[in-house]
Novice: 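Take this structure, written in structure tokens, and hold onto it; I'll ask about it next.
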Amino acid sequence: MHISYWAVLVAGVLPVISIGIAKAHRGYDNNDPRTWLERQQGFRKRADYAHRNHFEAFPFFAAAVLVAQQVQVAQSGIDQLAIIFVLARIAYTIFYIANYGVMRSLAWFVGYGCILGLFLRAAQV
């Protein structure tokens with residue numbers, strides 16, 4: 001399996017990791033998780049917001065990888081951008097939870113740039 005497909009898998013797991021961080025608390029209410037999450041502050045609220053953003057970014061990234069594959073962009077280029085995307089999203093999560101807004105935004109832009117890069121490479125084939 002291509003590295004880029006593994007990257008799609010990792011990107012699909014990132015929301016689960018970030019929401020796990022948000023919910024890791026003895027007082028977590030599994031009967032009403034959304035209400036409980038809305039009452040959270042600090043790093044738990046930021047982890048929940050990172051979780052939501054991962055779900056927003058994932059479809060665009062997965063589509064970009066598949067489109068690049070379909071039009072036969074060089075696999076090494078797809079893999080490189082996919083790895084950078086995943087690393088940027090991991091950094092995004094860390095910066096979000098740690099409350100480093102500027103760094104979080106930079107990581108977001110790097111990840112988004114990777115998606116655009118995949119589509120631009122596909123357009124050039």
Novice: What's the separation between atom CG in Asp29 and atom OG1 in Thr35, rounded to the nearest 0.5 Å?
Specialist: 8.0 Å

Novice: Quick check, are the ring centers of Phe60 and Phe85 under 6.0 angstrom apart?
Specialist: no

Novice: What's the shortest heavy-atom distance between Ser18 and His54, and which atoms?
Specialist: OG-CD2, 3.5 Å

Novice: Return the minimal non-hydrogen interatomic distance between Ala107 and Phe95, and the atom names on each side.
Specialist: CB-CD1, 4.2 Å

Novice: If you group Ile, Leu, Val, Met, Phe, Trp and Tyr by side-chain heavy-atom gaps below 4.5 Å, do Tyr28 and Ile97 land in one group?
Specialist: no

Novice: Roughly how far, to the nearest 0.5 Å, is CD1 of Ile115 from CG of Leu81?
Specialist: 10.5 Å

Novice: Side-chain contact test, heavy atoms from C-beta onward, threshold under 4.5 Å: evaluate it for Leu14 versus Ile90 and give yes or no.
Specialist: yes

Novice: Side-chain contact, heavy-atom cut-off 4.5 Å: Ile19 with Leu37?
Specialist: yes

Novice: Do Met103 and Ile94 come close enough that some side-chain heavy atom pair is under 4.5 Å?
Specialist: no

Novice: Applying a strict under-4.5 Å side-chain criterion to I, L, V, M, F, W and Y, I'd like to know whether Val65 and Met1 cluster together.
Specialist: yes

Novice: Is it the case that over 12 heavy atoms from other parts of the model lie below 6.0 angstrom from the CD atom of Glu38?
Specialist: yes

Novice: Do Val125 and Val67 sit in one hydrophobic cluster, given that two such residues count as connected whenever their side-chain heavy atoms are within less than 4.5 Å of each other, even indirectly?
Specialist: yes

Novice: Students often mix this up, so state it plainly: with edges at 30° and 60°, are the rings of His25 and Trp36 parallel, tilted or perpendicular?
Specialist: tilted

Novice: Report yes or no: do Ser4 and Gln75 form a side-chain donor-acceptor pair below 3.5 Å?
Specialist: yes

Novice: Are more than 12 heavy atoms, taken from residues, nucleotides or ligands other than Phe109, located less than 6.0 Å from that residue's CZ atom?
Specialist: no

Novice: Give me the one residue out of Arg52, Arg46, Lys45, Arg44 that meets salt bridge (Lys or Arg N to Asp or Glu O under 4.0 Å) with Asp48.
Specialist: Arg52

Novice: What verdict does the side-chain contact (heavy atoms from CB on, under 4.5 Å) test give for Thr93 and Ile17, after you've listed the backbone C-alpha separation in whole Å, the side-chain angles of each residue and the deciding distance to 0.1 Å?
Specialist: CA-CA 10 Å; Thr93 304; Ile17 293 169; over 6 Å; no

Novice: Determine whether Val8 and Phe58 make a side-chain contact, defined as any pair of heavy atoms from C-beta on separated by less than 4.5 Å.
Specialist: yes

Novice: Side-chain contact, heavy-atom cut-off 4.5 Å: Tyr92 with Asn53?
Specialist: yes

Novice: On a heavy-atom basis, which atom in Pro15 and which in Gly12 lie closest, and how many Å separate them?
Specialist: CD-O, 3.4 Å

Novice: Is there side-chain contact between Arg89 and Val86, with heavy atoms separated by less than 4.5 Å?
Specialist: no

Novice: Are Trp6 and Val16 grouped together when hydrophobic residues (ILVMFWY) are joined by side-chain heavy atoms under 4.5 angstrom apart?
Specialist: no

Novice: Quick one: are the ring centres of Tyr5 and His2 less than 6.0 Å apart?
Specialist: yes

Novice: Measuring from atom OH of Tyr100 to atom CG of Leu106, what distance do you get when rounded to the nearest 0.5 angstrom?
Specialist: 14.5 Å

Novice: Is the shortest side-chain heavy-atom distance between Leu118 and Val73 below 4.5 Å?
Specialist: no

Novice: Verify the ring-centre separation between Tyr96 and Phe43: is it less than 6.0 angstrom?
Specialist: no

Novice: Verify the ring-centre separation between Phe55 and His51: is it less than 6.0 angstrom?
Specialist: yes

Novice: Answer yes if Tyr112 and Ile78 sit in the same cluster of Ile, Leu, Val, Met, Phe, Trp and Tyr residues linked by side chain heavy atoms under 4.5 Å apart, and no otherwise.
Specialist: yes

